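Computed from a prediction, not measured in an experiment: that's the story for all the values here. Naming: A, B, ... by sequence-line order, numbering from 1 per chain.
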Amino acid sequence: MELTALPIGKSATIAGLNAKGPTRRRLLDLGMIPATTIEAVRKSPAGDPVAYKVRGTIIALRSEESRLIRVHQ
Amino acid sequence: MNLKNADSGPVPEPLIALAGNPNTGKSTIFNGLTGLKQHTGNWPGKTVAQTKGQYRHGNRTINLVDLPGTYSLLAGSPEEQVARDFICFAAPDVTIVVADAGCLERHLNLVLQVMEITPKTILCVNLIDEAEKKKIRIDYEKLHTLLGIPVVPTAARNKKGLGALKNTADDLIAGKIKPSPRLPAYDEPVENALQTLGKSLQRFYSGGLNPRWLALRLLDGDPALRAELKESLRKNPKPGIAGAEQKKLIAAFLQEAASYRRKLGPDLRDRVVRSLYQRAEEIVAGVVRKPPVKVADWNNRIDNIVTSRLYGYPIILLLLGFIFWLTIAGANYPSELLARILFGLEEKLATTGQALGVPAWLDGLLVKGIYRSLAWVVSVMLPPMAIFFPLFTFLEDLGFLPRVAFNLDKFFKKAGAHGKQSLTMCMGFGCNAVGVTACRIIDSARERLIAILTNNFVPCNGRFPTLFIMASFFSVALLGRTNSLLASALVLLVILVGVGATLLCSLLLSKTILRGIPSTFTLELPGYRWPKIGTLLIRSILDRTLFVLGRAVTIAAPAGAFVWLLANIQSGEGSLLTQLAGWLQGFGNLLGMDGYIILAFILGLPANEIVLPILVMGYLSGSYLLEPESVEAFHALFFANGWTWLTALNVMIFALLHFPCGTTLLTIRKETLGGKWTFLSAFLPTVAGIILCLLITQVVRFFRLV
């Protein structure tokens, strides 16, 4: 499923990235590589972006980016 | 041994580069080592360009460069390019990589990448105090063994470990420590390619770049780096290899690299990053012990409130409003005191001047012109700044601003702007010229231009005092006495208008001349950090308050003299100043202001700080004969010139929405390389200000509210 579908408070494992170019590189550099655990931590009061915990850091992603991350629970 | 240091001349000055992820306390280490007061915000990616400093160690001076904070050196953002190019091509004697003890795994990714470029790397594990609180244990000895480079634990906020860091750097420069970095291994096809290419390279290349790293970058095919790598190949031939032969070898080598690149396939980058993280995971598994049970997470609890649907926005507004209220309420008394002292001194100066036989015109120029505007600037601007700046710095250092960006991001996205624009906007609150320069962190040219053109919509340090003073006057004009609550609410409202104008103007630009879609954006929400109050006070007073005051004083002195001259050179029916103001009277009146106010804004082009002083000078030079000795006297001066609450409101709006100051305009010209954009950056806010003032004034007058 897409990372956007992950409910707040739940964790999932990254399966792969559908992103290309600079977006892909940026996500990789944040440690979002296959088999990494990612947790949806909180939503912005406006609904977007969503903050995710990955490798001990909280990173907020806009839905445009999180849609490109495939995960499985 | 570095060749630079081989001369026997004066003691050589080694160069150390400081790299690290954003928000690892890198700048705190920089400040701790150099003592240079450079601002560190608890905000990811604060350092845009490199900051330089020095420190003495033993009998020599060490140069230190603070590189932009980056997560990696591979993604090719502007910050990463600056950091990477410095480590590669400026060949520092030592590169210190700062990492967060609480989050070592992700930070080791960068450490491993730097080690690939240069063996002369030190890992500085910072924030060990925070990690200890979270009961995280790190085996530094083992970390050193696994990495093969020196490891120094520090708690830079408390100056712990900085001495050891200096000594280790010294030993590495002197060659007393011989690092043997254990580089990450990639999968077999990649390793084979690297080995073959490395061997070919050694046949003709003698440059300082690590052959393994150079080969890896060619395989990766980063277009931004390719030209520079080729240049390095060309410029550093092995002795005896020259001209045609060198050319042939380089061409063959590049072809070999290209063929390997095709063979390895398009997912090389993924494999490289995966190997780096796998290595980081292995190392962390061996050296870090975390408690099995989660320690109470305050960050989470605070964020649950600060970013909640219900409280997220009210909290931001209340917090800002509270800061404004403290500033306005707290500045009253000290302003009064300073005014009494300084203007009391003015009389003494004038009498002394007369007693010494100084000619009346010179006495007027020096005392009524220069001294009076300086006294005004100091007494009226110093107290609010001395309260406001430390408070704002506190919020910054606490880590509150990333939460503001998190809450507001959707609006920026809707406006077609880059997420980092909320950061450059916040920096504009300090100084618009700094905010404009900070826009370099935005990769996409379109979004960078939008951020630059709209930066002036938030008031800078130089405009805040005007806002505070006008808001106080507004409450006096409306209620008959100063009401700090009303005044701070008004300042808050003006800020909201500014943010609204930023979003609206960004939307307008992104739908018209700067069309496009927002590019990738990731925002880190760092842990909250309780700032060191002592350091914070010193820094915000020295770096901000005295800096702005100094700038105001430097510009106010000649401006005061200039305005005094304008006010005292008679031509025809009155002074030049009165005539100029007279010409602008009709226009000013239309906007609910007067000719003197418009003139003050125009003459205040060099710096926003001097708009009010010029205005007061203008009024005082006219028929109104009041000796200014207190803040009430200034209020009386405004009343005598026909001011109402509407005038104060319009001055606030026009202070928010008008052309940027001279420095900012020059910066915009430099950053956009175009007169067209510079013109637009002045045109947009001025037109917005004129329209808004005109509307408000005409509506208020139509309903006879004043």
Part of residues 64-73 of chain A lying next to chain B, heavy-atom separation under 4.5 Å:
E64(A), E65(A)
Between the side chains of N109(B) and R55(A), is a donor N or O closer than 3.5 angstrom to an acceptor N or O?
no
Determine yes or no for a side-chain-to-main-chain donor-acceptor pair under 3.5 angstrom, with T307(B) supplying the side chain and S44(A) the backbone.
no
Is there side-chain contact between V41(A) and N300(B), with heavy atoms separated by less than 4.5 Å?
yes
Taking non-hydrogen atoms and a cut-off under 4.5 angstrom, which of residues 277-289 of chain B neighbour chain A?
Y277(B), E281(B)
Part of Y313(B) within contact of chain A (heavy atom distance under 4.5 Å):
side chain
List for me each residue that meets side chain to side chain contact (heavy atoms under 4.5 Å, CB included) alongside S275(B), sequence neighbours excluded, and say none if there are none.
Y186(B)
Taking all atoms of both residues into account, what is the closest heavy-atom pair of N407(B) and A46(A), and its distance?
O-CB, 4.4 Å
Just give me the residue among G56(A), G31(A), P34(A) that pairs up with chain B most often, heavy atom to heavy atom, under 4.5 Å.
G31(A)
When the 4.5 angstrom heavy-atom criterion is applied to S308(B) and chain A, the contacting part is backbone
Residues at least two apart in sequence or cross-chain that pass side chain to side chain contact (heavy atoms under 4.5 Å, CB included) with A417(B), listed by chain then number, are F412(B), Q421(B), S506(B)
I'd like to know which of K413(B), Q113(B), E105(B) tops the heavy-atom pair count under 4.5 Å against chain A.
K413(B)
